Asks: 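Can you read through this structure? Questions will come right after.
No experiment lies behind these values; they were computed from the predicted model shown. Sequential numbering from 1 along the given sequence is applied to the chain's residues.
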Amino acid sequence: MRSFLQDAESRSETEKGVETWVKQVRDVAYDTEDILDEFSLHLSLLSQPGRQNGNFVLSLPRFFHYIRHLRTRHRLAGQIEDVKMKIKDISNRRNAFSFRRIEDATSLSSTLNTWHDLRRASLFIGEADVVGIENPKRVLISWLLEGDRNLTAISVVGTGGVGKTTLVKKAYDSQVVKKYFDCHAWITVSKSFTAAELLRSALKEMLEEAKEIIPVGFDTMGELQVVSKLKEYLQEKRYVVVFDDVWSTNSWEIMKFAFPNCCCGSRIVFTTRISDVAASIEISSHVYHLQPLPEEDAWKLFCMKAFRRESKGVCPKELESMSRSMLKKCGGLPLAIVAIGSLLSKKDKHVLEWKRVHDSLYSEMKSNSSLESLERILLLSYHDLPYHLKCCFLYLSIFPEDYLIKRMKIIRLWVVERFVEEKRGLTMEEAAEEYLNELVSRSMIQVVQIDYFNRVRTCRVHDVMREIIQLKSRNESFVLILNDKRMSLDEKIRRMAIHDSCEELPLDLRFPSLRSLLVFASSISLGEAFFKGFRLLGLLELDGTLLFEFPPELSKMIHLRYLSLRRTRIRELPESIGKLKNLEILDLKHTLISTLPHGILKLKHLFQLRGYGNSFHSSTHFPLTHGMSLPVGIGGLTKLQKLGNVEVNGNGDMVREFGKLIELKRLGILQLTRENGMDLCYALEKLKHLSALYMVSIRTTEPLLHLDSLSTPPRFIQRLYLKCRLPNLPKWIASLSYLAKLVLQYSNLNDDPLKALQGLPNLVVLELRDAYAGEELCCDVGGYPRLRKLGLLMLRQLKSVRMEQGSMPELRGLDIAACEKLEMVPLGIQHLRNLQDLTVWNMPDKFHQKIERPHGEDFWRVQNVTNIQLSKYSSFHVAYAKSIGIIV
């Protein structure tokens, strides 16, 4: 049934009858899954008969227990028969109504015609209706007319509805472009194009423009004939060809042989939603990433559309607040602004009427033709996704409006939801990150923050697209937002989210088919009774909720694979946590839990156990890290991949246990003593897959000895945090060729660590926090070839820093804080051409004065830095700690 649903997904895009039929199959698949899960639930509860005098006998209570479960099995058998009958009825219904196959030409033709009608509208927008494209248009025209004389590609990339077609059409139609090129062709690319069709269309347009005769048999020419004819026609001509809305990365590969490079300054222009299309073009190229309109331009366009009749484009004061709120939903997308503005222009200019439209955008999209067109254009990207990515993208509808989605959070959720297909050579999380990157490449997800490793840190879904996928996932019973007014307690809802916008929870909340529950409501108190109706739950996200005790009902949810109690106020876990034998991820970060019970040792499927938090003390510059104490025997959880942070309190037996966890990729250890050095080295040599290691000594003044005894460190380690006093920098650190992030804290090294580590080929982030007792730091030519972030923090004796020209060529961010004797910026900082951010905290007045614009004597050294932040704030470490990721 699942395979059928994947195959049928594309049929339901265009045929309402098929859509209804597919929904019926999906419901039956849900019923089947419920029966299987309920059977396994009762099977686990059915205790085995006891042994007495060598014979198996049933006690009277066990006998009645056994009979009760026989009755349950009989009921489940009856349900299986019901499912079989439903499947038979659905099959008969399909035959009775003779649903067309997906290959049906009529259906496909209808889809393409609708799609072309929607695309065509963008080609005929008048100048008066265009806002905010003058600068990108100027850039585009300069790329068309100037620069390389070789054949060059220009790609305009952006999300659906952002105005790619409109921008390119305005540049293409400009008189300077028309006069510059000998031949012109504009090709709207269908999703089921053939190379022969597109090339024939291009040649025909050029022939008609030149008023030349179209050859006999032109419409029946094969692909090779058209390629040859077009190439021959374009020889020694300067031409421009636009391929509008390209979806496939191999589109250019198919057609490139038809376009000769005559060194005349010819140009090929692509518009696409998929950045990989631009990256796949091997000829010299420019890429313009078209962004949504800035707020001022968006407001101007909205007012032009919504108030062009009565107010001549001026918003009445009483409607401004509601208009701004409506505009926010558009997120700067011109297509959305025009569609919603045009809709509102036909409504009464009354606050309550506009509020009704604002609150019912779902239904308006189905009943209003302009909004229906908006929905179709945005959904083109969704329909082009492979099946597994459709599930991943629909899942994003579960998050609240304006919610910043963290990369690792959504990756973990996708993995636990079983959306991610196994890929040889990749972990499930690495495969899920590829999914995320593909959605970003397809302009379906908006990236909010990028980290120094060029990875997505946080992202979000455009508000209009979020409205659309919430409606789609609701119709498919994929996700339910609890405050949905159409909610029925009998629905087969699989996933549910509770947002802060939900005013109160229904007391009779029962969803027996629910598999995933995510609570994003920090203002709602969850009582004990709340958790009684979710016995088949596999995923429970309670991050930040008002929860003070571990609900006893959670121990009965034996199907749970994911449990997040992050940022709740729970202080302890019960022994009954051991009943959750299918648990894979347990997230206890930033809770008050300091000790885990022995029951945790029964969770043999656990592959992530995370529990730590930070606190600040007036006597320290850096936040203190707290972890959790574990029972002896943690080495038996051999599937663990992430474990942190564990407080060992000098226990050598516990340290040696880590050596048994050979699948570990991330490990955090706190409260180490100098006596643990040898045991630690022994354990680390066993952990061949370790990629991140976080180690903190029990006292910052006590040396952590014997780290040099580590003869074969984990070779693939990428992140290393050492928070302990070191007599010397361990020699093996300089041999870690894959190391990307290194934090040294309280090390108090005597030798220059900046010079000692400059040969690390892949180091991207280096933080030195109270880690050096010397007066000078130096980096030689060629040092740190990939470093992007450097932090020099609380180096009390430091007087000078020297960066030779040619060192740190990729450095983007430099933080300098609480270095009391440092009176000037690093010598050579003026050579760091990629430096964008210089952050200075709690430094001497003389340091600040030297780089203050415009008269500071050293301002010339930093004048090219984009963003300079200076602060004398005495508690700098609090703000600084919030701005960086300091935990493994």
Asks: Which distance, rounded to the nearest 0.5 Å, do you find between the OG1 of Thr568 and the CG of Asp587?
Replies: 9.5 Å

Asks: Check this for me, if you would: do Asp653 and Arg656 make a salt bridge, where the nitrogen-to-carboxylate-oxygen distance has to be below 4.0 angstrom?
Replies: yes

Asks: Any chance the side chains of Gln449 and Thr458 put a donor and an acceptor closer than 3.5 Å?
Replies: yes

Asks: Would you say Glu575 and His598 make side-chain contact, with heavy atoms under 4.5 Å?
Replies: yes

Asks: Taking the side chain from Glu647 and the backbone from Gly627, do they hold a donor-acceptor pair closer than 3.5 Å?
Replies: yes

Asks: List for me each residue that meets ring-ring contact (aromatic ring centres under 6.0 Å, His included) alongside Tyr435, sequence neighbours excluded, and say none if there are none.
Replies: His388

Asks: Within the side chain of His689, is there an N or O that forms a donor-acceptor pair under 3.5 Å with the backbone of Arg666?
Replies: no

Asks: State, to 0.1 Å, how close Cys391 and Phe478 come at their nearest heavy-atom pair, and which atoms those are.
Replies: O-CZ, 3.6 Å

Asks: Is any side-chain heavy atom of Met496 closer than 4.5 Å to one of Leu482?
Replies: yes

Asks: For a side-chain contact (heavy atoms from CB on, under 4.5 Å) check, start with the C-alpha distance between Leu518 and Tyr395, then their side-chain angles and the critical distance, and finish with the verdict.
Replies: CA-CA 11 Å; Leu518 295 92; Tyr395 194 77; 3.8 Å; yes

Asks: State the CE-CD1 distance between Met465 and Ile445, to the nearest 0.5 angstrom.
Replies: 10.5 Å

Asks: Can you confirm whether Met408 sits close enough to Glu429 that some side-chain heavy atom of one is under 4.5 Å from a side-chain heavy atom of the other?
Replies: yes

Asks: Keeping the roles fixed (side chain from Arg561, backbone from His559), state whether a donor-acceptor pair exists under 3.5 Å.
Replies: no

Asks: Check whether any side-chain heavy atom of Glu767 sits under 4.5 Å from a side-chain heavy atom of Lys789, and report yes or no.
Replies: yes

Asks: Treating Arg466 as the side-chain partner and Val461 as the backbone partner, does any N or O pair qualify as donor plus acceptor under 3.5 Å?
Replies: no

Asks: For the residue pair Asp451 and Phe453, what are the closest heavy atoms and their distance?
Replies: OD1-N, 2.8 Å

Asks: Measuring from atom OG of Ser594 to atom CG of Leu588, what distance do you get when rounded to the nearest 0.5 angstrom?
Replies: 11.0 Å

Asks: Counting only heavy atoms not in Ile450, do more than 12 fall under 6.0 Å of its CD1?
Replies: yes

Asks: Considering residues, nucleotides and ligands other than Arg455, do more than 12 of their heavy atoms fall under 6.0 Å from its CZ?
Replies: yes

Asks: What residues, two or more places apart in sequence or in another chain, satisfy ring-ring contact (aromatic ring centres under 6.0 Å, His included) together with Phe399?
Replies: Tyr403, Phe520

Asks: Would you say the side chains of Thr625 and Tyr694 form a donor-acceptor pair under 3.5 Å?
Replies: yes

Asks: Between Arg474 and Ile493, is a side-chain contact (heavy atoms from CB on, under 4.5 Å) present by the stated rule, with each step listed?
Replies: CA-CA 9 Å; Arg474 179 69 185 85; Ile493 296 295; 4.1 Å; yes

Asks: Taking C-beta and beyond as the side chain, do Leu540 and Tyr562 meet within less than 4.5 Å on heavy atoms?
Replies: no

Asks: Any chance you could lay out the side-chain contact (heavy atoms from CB on, under 4.5 Å) test for Asp463 and Glu401, step after step, and finish with the verdict?
Replies: CA-CA 7 Å; Asp463 284 348; Glu401 187 175 7; 3.7 Å; yes

Asks: Is it true that a side-chain atom of Asn582 and a backbone atom of Leu560 form a donor plus acceptor pair closer than 3.5 Å?
Replies: no

Asks: Check the surroundings of atom CD in Glu572: do more than 12 heavy atoms from other residues, nucleotides or ligands lie under 6.0 Å from it?
Replies: no

Asks: Going from CG on Leu586 to CG on Leu596, what distance comes out if it is rounded to the nearest 0.5 angstrom?
Replies: 7.5 Å

Asks: What distance separates Leu542 CG from Thr545 OG1, expressed to the nearest 0.5 Å?
Replies: 4.5 Å

Asks: Tell me, please, which residues at least two apart from Lys409 pass salt bridge (Lys or Arg N to Asp or Glu O under 4.0 Å).
Replies: Glu541, Asp543

Asks: What distance do Asn676 atom CG and Asn649 atom CG have between them, rounded to the nearest 0.5 Å?
Replies: 10.0 Å

Asks: Taking the side chain as everything from C-beta on, heavy atoms only, tell me whether Leu609 gets closer than 4.5 Å to Val646.
Replies: no

Asks: Which atom pair, heavy atoms only, marks the closest approach of Arg569 to Leu592?
Replies: O-CD1, 4.0 Å

Asks: Which of these passes salt bridge (Lys or Arg N to Asp or Glu O under 4.0 Å) with Glu584: Lys642, Arg418, Lys604?
Replies: Arg418

Asks: Which heavy atom of Lys602 sits nearest to which heavy atom of Gly578, and what is that distance?
Replies: CB-O, 3.8 Å

Asks: Would one find more than 12 heavy atoms of other residues, nucleotides or ligands at under 6.0 Å from atom NZ of Lys406?
Replies: no

Asks: Leu606 versus Leu640: any side-chain heavy-atom pair under 4.5 Å?
Replies: yes

Asks: Which atom names give the shortest non-hydrogen contact between Phe658 and Leu687, and what distance separates them?
Replies: O-CD2, 3.3 Å

Asks: Could you check if a side-chain atom of Leu413 sits within less than 4.5 angstrom of a side-chain atom of Leu539, using non-hydrogen atoms only?
Replies: yes

Asks: Closest heavy-atom contact between Gly644 and Met628?
Replies: O-CE, 3.7 Å

Asks: Just by distance, do the side chain of Glu657 and the backbone of Gly635 share a donor-acceptor pair under 3.5 Å?
Replies: yes

Asks: Determine, step by step, whether Leu601 and Ile634 satisfy the side-chain contact (heavy atoms from CB on, under 4.5 Å) criterion, reporting the C-alpha distance in whole Å, the side-chain angles of both residues, the deciding distance to 0.1 Å, and the verdict.
Replies: CA-CA 6 Å; Leu601 303 179; Ile634 196 67; 4.2 Å; yes

Asks: Is there a donor-acceptor pair closer than 3.5 Å between any side-chain N or O of Gln641 and the backbone N or O of Phe607?
Replies: no

